[in-house]
Amino acid sequence: MCGRYASTKNPALLAAEFDAVDGTGGEAPGPDYNVAPTKRVLAVVERHPRDEEGNADPGTVERSVRVMRWGLVPHWAKDTSGAAKMINARSESVLAKPAYRDSAAKRRCLVPADGWYEWQPGEGRKQPYFINPGDGSSLAMAGIWSVWWQQEGDERRPVITCAVLTTDAIGEMTAVHHRMPLVLPRDRWSAWLDPDRPDPTDLLAPDPAVVAALELRPVSMRVNSIRNNDPSLVDAVALGESEKPEPTLFELS
DNA sequence: CCAGACGTTGTT
DNA sequence: GTCTGG
DNA sequence: CCAGACGTTGTT
DNA sequence: GTCTGG
């Protein structure tokens with residue numbers, strides 16, 4: 001699954017990597033080695049540009065990097081208090097769940113990450129791992145987003161929120177956990193972001209090639225506390241024999 | 001009809 | 001907003 | 001995801 | 001044990 005990740009690239013770098021424009025307006029959060037639920041994050045969306053009256057132009061699309069808050073708040077929510085419970089959406093059910101289906105059909109995004117953290121349950125304390133692409137590229141987690149209107153006196157301010165899709169862990173990832181974020185290979189980015197494709201069913205399966213290209217390493221327990229936030233959080237640490245990943249631990253029988 | 005939910009993970 | 005449960 | 005709080009009265 | 005906050 002995905003409840004914590006690292007995102008340290010600035011919007012300009014991400015815009016280049018995702019063939020998008022920087023739509024953050026200088027409001028982007030800085031480098032973050034310990035992104036946690038409800039924090040501000042960067043995401044990539046593709047939308048039909050709107051004119052001054054708010055009408056979308058169906059003939060063109062623009063891909064941009066945006067600032068969102070992690071934890072989806074549906075437009076009908078009374079307040080934002082449920083956001084922390086909605087940081088993930090199961091890919092198996094996202095199209096059917098009332099809280100997610102509109103977003104899954106019409107408002108998909110990519111959530112770029114340097115890598116994500118996973119806590120391996122076991123004897124004693126859980127061991128955190130960092131999982132990232134071996135080549136330094138960003139991974140693109142499949143996401144959905146929503147707009148919630150915050151009333152401030154007479155003003156209504158949009159709050160953009162998002163959730164990351166999860167799927168069954170496959171390959172090497174099963175050694176650490178039985179769920180993982182849905183990471184999309186580059187050749188599925190456009191289809192995932194396509195605002196005119198209401199049914200993304202074909203894109204919801206985990207991709208073995210993407211997973212095979214991931215690196216996985218145990219990291220310091222310091223990542224547990226979000227007060228810690230520095231580059232060393234993603235550094236490998238040595239493990240005792242008894243704490244090594246157990247490949248069969250989560251194999252389904 | 002109205003009221004209440006609307007989510008995921010992990011653990012037992 | 002929309003569906004489910006009573 | 002993990003960490004940290006979890007409470008009231010009265011007095012300053 | 002369970003909820004909230006980040």
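What you see is a predicted model; the values in this text were computed from it and never measured.
- Inter-residue side-chain proximity for A/Glu215 and A/Ile131 is flagged as unmet; no heavy-atom pair is nearer than 4.5 Å.
- Here, D/dA5 and B/dT8 have their C1' atoms 22 Å apart, quoted to the whole Å.
- In this structure, A/Arg179 reaches the B/dT9 phosphate: one of its side-chain N or O atoms is under 4.0 Å from OP1 or OP2.
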* Asked: When you check every protein heavy atom under 4.0 Å of nucleotides 1-6 of chain C, what one-letter string (B, S, -) results, 5' to 3'?
  -> BSS---
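- Taking A/Tyr33 as the reference, nothing meets the ring pair (Phe, Tyr, Trp, His ring centres under 6.0 Å) condition, with sequence neighbours excluded.
- Across all strands shown, A/Thr166 has heavy atoms under 4.0 Å from sugar-phosphate atoms exclusively, and none from any base.
- Atom NZ in A/Lys9 sits 15.0 Å away from atom CG in A/Asp32 (nearest 0.5 Å).
- A search for side-chain hydrogen bond (donor to acceptor under 3.5 Å, both in side chains) contacts involving A/Thr24 returns A/Asp22, not counting sequence neighbours.
- Between A/Trp70 and A/Tyr5, the ring planes are perpendicular. Angles over 60° get that label, and only those under 30° would be called parallel.
- If you check every strand for non-hydrogen atoms under 4.0 Å, A/Tyr100 touches sugar and phosphate atoms only.
- Nucleotide D/dA5 forms a pair with E/dT2, judged by Watson-Crick or G-U wobble geometry with both contacts under 3.5 Å.
- Atom CD of A/Glu155 is surrounded by 12 or fewer heavy atoms from other residues, nucleotides or ligands within 6.0 Å.
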